[in-house]
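Heads up: the structure comes next, in structure tokens.
Just so you know, these numbers use all the heavy atoms, side chains as well, and skip hydrogens, waters and symmetry mates.
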Amino acid sequence: MSSLLPFDSVVCLLLGLSLTLWFTLLLVFIIVPAIFGVSFGIRRLYMKTLLRIFTWATLRIERGVKENSHTLYKPLSNGIIAKESTSLEEGIWELRGNGRSLDKPEFELSDIFYFCRQGMESIMDDEVTQRFSAEELETWNLLTRTNYNFQHISVRLTVLWGLGMLVRYTFLLPLRVALAITGVSLLVIGTTVVGFLPNGRFKEFLSKHVHLMCYRICVRALTAIITYHGSENRPRKGGICVANHTSPIDVIILASDGYYAMVGQVHGGLLGVIQRAMVKSCPHVWFERSEVKDRHLVAKRLTDHVQDKSKLPILIFPEGTCINNTSVMMFKKGSFEIGATVYPVAIKYDPLFGDAFWNSSKYGMVTYLLRMMTSWAIVCSVWYLPPMTRQEDEDAVQFANRVKSAIAHQGGLVDLLWDGGLKREKVKDEFKEEQQKVYSRIIAGSQENRSRS
């Protein structure tokens, strides 16, 4: 009996061995590969396995729905309900009836119904609010929050869903939280230490690799599987990297493959600690709350940064808010006024493995991160587009729209002219006046045609 260890000692020994094994695996398979930017292909094998399971689960749901005579909900392939778009002129002529009134110069009472119909459609489900709700999937990914068809179909399917939830919350979540804490801690410690070094190439070299290492660890904390295209077009010093915005993790996705100067407002708490540490080793552009609304000051700070060709490219998301991975909305013109070379980047997520969209009006940051860390994975593609410069006959708005169109085309996204800020604000008077001008041109044009005839 004396040779046997007490029960408490055995428990402590097993716990110590488990933690040692856990951190060894963490170091060998995740942290070290993140430092050198290599991958063992484990995540892609994991993704292929999940695809097979999701396909089987979807087929089983469809068969069960047919057997039970239920209605099967089938979303559109782009995840939204799309209406056929028509111009104001086409809508007016359609209401006037088969072109019989095209030559009438005066206002017709039937024209009112076009604006009434547009107003009712906007109240029910307009182009803007559709872009701030999650996509509905064609294939079930064993997450009840992503499929309206989820119900008890069979014991096997229910058991599979339960096992999936067990894996996500008892294995993936603790692993990802540990990785996230590791990545953020190393970022704060590493950038603080590098900040004490004298300015020079060695400091810049260390700062770059500390940032890349920490962001790559954070990417692995989300089990992110990223495919980069067009690496020869990566943003370069003295330029501005412009990308569409779906999620706060867009920053991590891009920063794990490039070295950028961030732009943003100074925050308090943990985020403030990270910002203060990062700026010690790298010239990020942080604004005080009182400075953010001063457009001239913001433009001057950005201009001063890009004019120094030795400084890092600035990373900016000109939509100013997160859009649900189906569309690109209006780009704010500020970053297109300063005359720098713009490097467009298109980001497109695959919602099958996890919905990366952050609906900030519905979920707080903590809730959102919990949803991300309990998803199966974050899968996305990133396209680096050729650099673009403002043409002589272009103003800032036209340049912004040209860049936006290029990003939308490459990412397979819908190109919209609406301001993403409309989800929190009223429609600007400029938009209303533009519709009034278009209608006035229709009436004025008809009158001009009649006078000539």
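- Counting heavy atoms from C-beta on, the side chains of His209 and Met213 never come closer than 4.5 Å.
- Every ring-ring contact (aromatic ring centres under 6.0 Å, His included) that His245 has, sequence neighbours left out, goes to Phe317.
- Contact record, Asn233 with Pro386: ND2-N, 3.6 Å, taken as the closest heavy-atom pair.
- For the pair Pro313/Tyr259, no side-chain contact is recorded, criterion being any heavy-atom separation below 4.5 Å from C-beta on.
- To the nearest 0.5 Å, atoms OG (Ser375) and CG (Asp355) are separated by 7.5 Å.
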Applying side-chain contact (heavy atoms from CB on, under 4.5 Å) to Val251 and Tyr260, what does each step give before you reach the verdict? CA-CA 10 Å; Val251 175; Tyr260 300 95; over 6 Å; no

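- Minimum heavy-atom separation, Thr246 to Cys322: O-CB, 3.3 Å.
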Under the side-chain contact (heavy atoms from CB on, under 4.5 Å) criterion, do Val382 and Thr227 qualify, and how do the steps go? CA-CA 6 Å; Val382 175; Thr227 305; over 6 Å; no

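- Contact annotation: the side chain of Ile407 approaches that of Val403 to within less than 4.5 Å [non-hydrogen atoms, C-beta and beyond].
- Ring geometry, His229 versus Trp383: the interplanar angle falls under 30°, so the pair is classed parallel (tilted spans 30 to 60°).
- Side chain of Asn244 to main chain of Ile347: a donor-acceptor pair is present (N/O by atom type, distance under 3.5 Å, no hydrogens or angles).
- Enclosure of atom NZ in Lys309 by more than 12 non-hydrogen atoms of other residues, nucleotides or ligands within 6.0 angstrom is indicated.
- The shortest distance between side-chain heavy atoms of Leu413 and Thr326 does not fall below 4.5 Å.
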What do the steps show when you test His284 against His211 for ring-ring contact (aromatic ring centres under 6.0 Å, His included), and what is the final call? CA-CA 12 Å; His284 298 288; His211 278 82; 5.7 Å; yes

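- For the salt bridge (Lys or Arg N to Asp or Glu O under 4.0 Å) condition, the pairs that include at least one residue of residues 248-265, sequence neighbours left out, are Arg234-Asp257.
- For the atom pair Phe357 CZ and Ser247 OG, the distance stands at 9.5 Å (nearest 0.5 Å).
- Using cut-offs of 30° and 60° for the angle between ring planes, the Phe205 and Phe202 rings count as parallel.
- Between Ser327 and Glu319, the closest heavy-atom pair is O-OE2, 4.2 Å.
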Applying side-chain contact (heavy atoms from CB on, under 4.5 Å) to Arg276 and Trp286, what does each step give before you reach the verdict? CA-CA 9 Å; Arg276 289 191 293 272; Trp286 305 131; over 6 Å; no

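- The backbone N or O of Ile253 sits less than 3.5 Å from a side-chain atom of Ser256, completing a donor-acceptor pair.
- The CD1 atom of Ile316 lies 5.0 Å from the CD1 atom of Ile240; values are rounded to the nearest 0.5 Å.
- In this structure, the side chains of Val219 and Ile217 stay at 4.5 Å or more apart for every pair of heavy atoms.
- Annotation: ring-ring contact (aromatic ring centres under 6.0 Å, His included) contacts of Phe336 (sequence neighbours excluded): Phe399.
- Taking both residues in full, the closest heavy atoms of Leu186 and Cys214 are given as C-SG, 3.5 Å, listed atom of the first, atom of the second, then distance.
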Quick one: side chains of residues 187-197, donor-acceptor pairs under 3.5 Å with protein atoms, not counting sequence neighbours, listed by atom name and distance.
from	atom 1	to	atom 2	distance (Å)
Thr191	OG1	Leu187	O	2.5
Thr191	OG1	Val188	O	3.3
Thr191	OG1	Ala277	O	3.4
Thr192	OG1	Val188	O	2.6

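- Going from atom OG1 of Thr223 over to atom CZ of Phe353 covers 11.5 Å, rounded to the nearest 0.5 Å.
- For Thr389 against Glu394, the heavy-atom pair with the smallest separation is O-OE1, 4.4 Å.
- Cation-pi check for Arg236 over Tyr343 is not met; the charged atom does not lie both under 6.0 angstrom from the ring centroid and within 45 degrees of its normal.
- Shortest non-hydrogen contact noted between Ser207 and Ser281 is OG-O, 3.1 Å.
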Test side-chain contact (heavy atoms from CB on, under 4.5 Å) on Leu302 and Val306; report intermediate values, then the result. CA-CA 6 Å; Leu302 296 180; Val306 298; 5.6 Å; no

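- Rounding to the nearest 0.5 Å gives a distance of 13.5 Å between OH of Tyr363 and CG of Leu369.
- Side chain of Arg168 to main chain of Thr374: a donor-acceptor pair is present (N/O by atom type, distance under 3.5 Å, no hydrogens or angles).
- Partners of Asp415 by side-chain hydrogen bond (donor to acceptor under 3.5 Å, both in side chains), not counting sequence neighbours, listed by chain and number: Lys404, Ser405.
- Evaluation of the salt bridge (Lys or Arg N to Asp or Glu O under 4.0 Å) test over residues 188-211, restricted to residues two or more places apart or in two chains, returns Glu204-Lys237.
- No side-chain N or O of Ser381 forms a donor-acceptor pair with one of Tyr349 less than 3.5 Å apart.
- Counting heavy atoms from C-beta on, the side chains of Lys348 and Cys380 never come closer than 4.5 Å.
- Between atom CD1 of residue Ile338 and atom CZ of residue Arg301 there is a gap of 12.5 Å, rounded to the nearest 0.5 Å.
- Annotation: side chain of Tyr368 is in contact with side chain of Pro248 (closest heavy-atom distance under 4.5 Å).
- Looking at Ile378 and Met372, their side chains come closer than 4.5 Å, going by heavy atoms from C-beta outward.
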